[in-house]
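Both ligands and their constituent atoms are indexed starting at 1 by order of listing. Owing to the predicted nature of the structure, the values given are computational and were not obtained by experimental measurement.
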Amino acid sequence: MVAANRLPVVLHREAAEVRITPSSGGLVTAMHPVLGERGGTWIGWPGDTSGLSAARVEEALHAVSEEQGFDLVPVTLSEELRQCYYDGFANATIWPLFHDLQGRCRFDESYYKGYVEANRRFAREIARRTEKGDLLWVHDYHLMSVAHQLRQQRVALRTAFFLHIPFPASDIFLKLPWRRQLLRHLLDFDFLGFQTQRDRRNFLGCLVDLFPRFTISKTGVMHSVTREKRNTRIGVFPIGIDAAGFEKLSGEAAVREMEREIRESYAGRRLFLGVDRLDYTKGIPQRLHAFERALERFPHLREKVTLLQLVVPSREDVEGYAPLREEIERIVGHVNGRFTSGNWVPVVLMVRSVSRERLIALYRAACAALITPLKDGMNLVCKEYCAVKTENDGVLILSEFAGAAAQLYKGALLVNPHDMEGMARSIEAAATMSPAEQERRMKRLRRNVARHDIHWWVSGFLSAASERGMRRKIDPAAFVAYPQLCEEEWL
Ligand code: ADQ
């Protein structure tokens, strides 16, 4: 059984009807094909179902289950509880804190209580649908207290947790008023997985600072923490994508046709592409400023490059997200006002979700992807970009603070998103990179993305969580916190 905040579909009430749309975001992109293939149960919030009877919700989800090949179980929450748990503790406290943006955090006791209560309700639903010995795989920062709640309810399951976002260093984590409780709740899982070595090291550092009596040991690539006769094993599992699926789709006639149209509309220009959820961690304003700096410093780029920035709105009810959209629109207006000439517009902003096919066509048409989050657990967009570049063209400009940098640093141009000048230089380097150099780098990137795909991730995680040991050898580079910042020989 998989538990995540959201189900992979969202239900909306429209008059007397139920409308069903797919959920967006990295977790759903990653897990959906996995359950589609393996079957199982996905438990999560089904969207705002107020006004719909429980039977109507079940009926709608049952139809989706039939179609998708796995069961969907809803956890419904009142609007008030959802606000404290999701908009509050998860997205106004944990999300900024874990991305090192403590200035944006709201520390509110009622948020924390709502979070624990929502986790309790998830645990109750899970307990109803599982049997002793089942393996429960819980996803992400919304549900860090589920194993604790299951223990309180005396439910004996094997529990594993994967954190999709970064785990912060101790001096940041210690700001959280409920820091001890949360660490203890996490240690109630039997198994914990992090995206990168950086995150695991930070987590263990917090344990050392807050619970120095706990014993931390290491066997092979796994760590374990022992306290009060209990043991939690901790591993690093960098998430991948369905690389073969993306590559296959990229060969379809409809995608190629869209690609041709996009290339035609940007003929004579090199297309740079940014694709993000609308989120302040993704570094979109900084990226736009860097693009402006590149046009300022390197006049030969003017009229030759266009940045297409695609943003999909998210968390519209959470504080800080609406002003971000305004800020982005303001910067785009400023850059375009400053540099537009003839029929060349330097930055094109699209605020919407696009189909998988269109997204792939855009990736294929783009001569460079600008993926420059301030901090990111992994970042799937950069992997998707590489997976569909079957001609081995294109340049990946990647933030060294994305988890993906630990894997892709050898083929990408790494940038510090706070360094405007450095980013401007990388934009220029990408715009002028020779086809041979692009090919050399892209081949390396594509090999890495294909080898460490979503199936590699799932089987690695599940076999480790099921205590069958690591069946597959994992690239040691995936276990180094900031390899891009280290001397080669240190590796
Ligand atoms: P996210 O923060 O949601 O995920 P990311 O990994 O980049 O970020 O995934 C975003 C997904 O949304 C991608 O699959 C992308 O294709 C899709 N997407 C983005 N903009 C889109 C648009 N305009 N139209 C259509 N699709 C769009 C969280 C963590 C990440 C981690 C993932 C998975 O924050 O660090 O990589 O979980 O673990």
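Side-chain N/O atoms of Asp276 and Gln309 include a donor and acceptor closer than 3.5 Å. Side-chain contact check for Gln149 and His185: no donor-acceptor pair (N or O, by modelled atom type) lies under 3.5 Å. A donor atom on one side chain and an acceptor atom on the other are not found under 3.5 Å apart for Thr93 and Arg106.
Considering backbone and side-chain N/O atoms, Leu310 never comes within less than 3.5 Å of an N/O atom of ligand 1. Taking distance alone, with nitrogen or oxygen atoms compared against 3.5 Å, Leu380 approaches ligand 1 more closely than that limit. Ligand 1 has a nitrogen or oxygen under 3.5 angstrom from a nitrogen or oxygen of Arg277. Considering backbone and side-chain N/O atoms, Val354 comes within less than 3.5 Å of an N/O atom of ligand 1. Between Met378 and ligand 1, a contact under 3.5 Å exists for at least one N or O pair. The shortest N or O to N or O distance between Glu384 and ligand 1 is below 3.5 Å.
Close contacts between ligand 1 and Gly377 involve ligand atoms 35 (O) [criterion: under 4.0 Å to a heavy atom]. Atom numbering of ligand 1 starts at 1 in the shown order; those under 4.0 Å from a heavy atom of Val381 are 7 (O), 15 (C). Each of the following atoms of ligand 1 lies closer than 4.0 Å to a heavy atom of Arg352: 22 (C), 23 (N). Near Asp276, with a cut-off below 4.0 Å to any heavy atom, the atoms of ligand 1 are 20 (N). If you number the atoms of ligand 1 from 1 as listed, the ones under 4.0 Å from a heavy atom of Leu359 come out as 16 (O), 26 (N).
You'll find the side chain of Leu207 reaches within 4.5 Å of the side chain of Val225, heavy atoms only. You'll find the side chain of Cys367 reaches within 4.5 Å of the side chain of Phe272, heavy atoms only.
The aromatic rings of Phe461 and Phe191 sit perpendicular, their planes meeting at an angle over 60°, well past the 30° parallel limit.
With respect to the salt-bridge test (charged N to carboxylate O, under 4.0 angstrom), the residues Glu79 and Arg82 do not qualify.
In this structure, Phe237 does not count as a contact residue of ligand 1, since none of its heavy atoms falls inside 4.0 Å of the ligand.
Nearest to atom 31 (C) of ligand 1 by heavy-atom distance, out of Gln309, Gln195, Lys282, is Gln195. With atom 29 (C) of ligand 1 as the reference point, the heavy atom nearest to it among His99, Lys383, His164 is part of His164.
Within the 4.0 Å heavy-atom criterion, the part of Trp95 lying near ligand 1 is the side chain and not the backbone.
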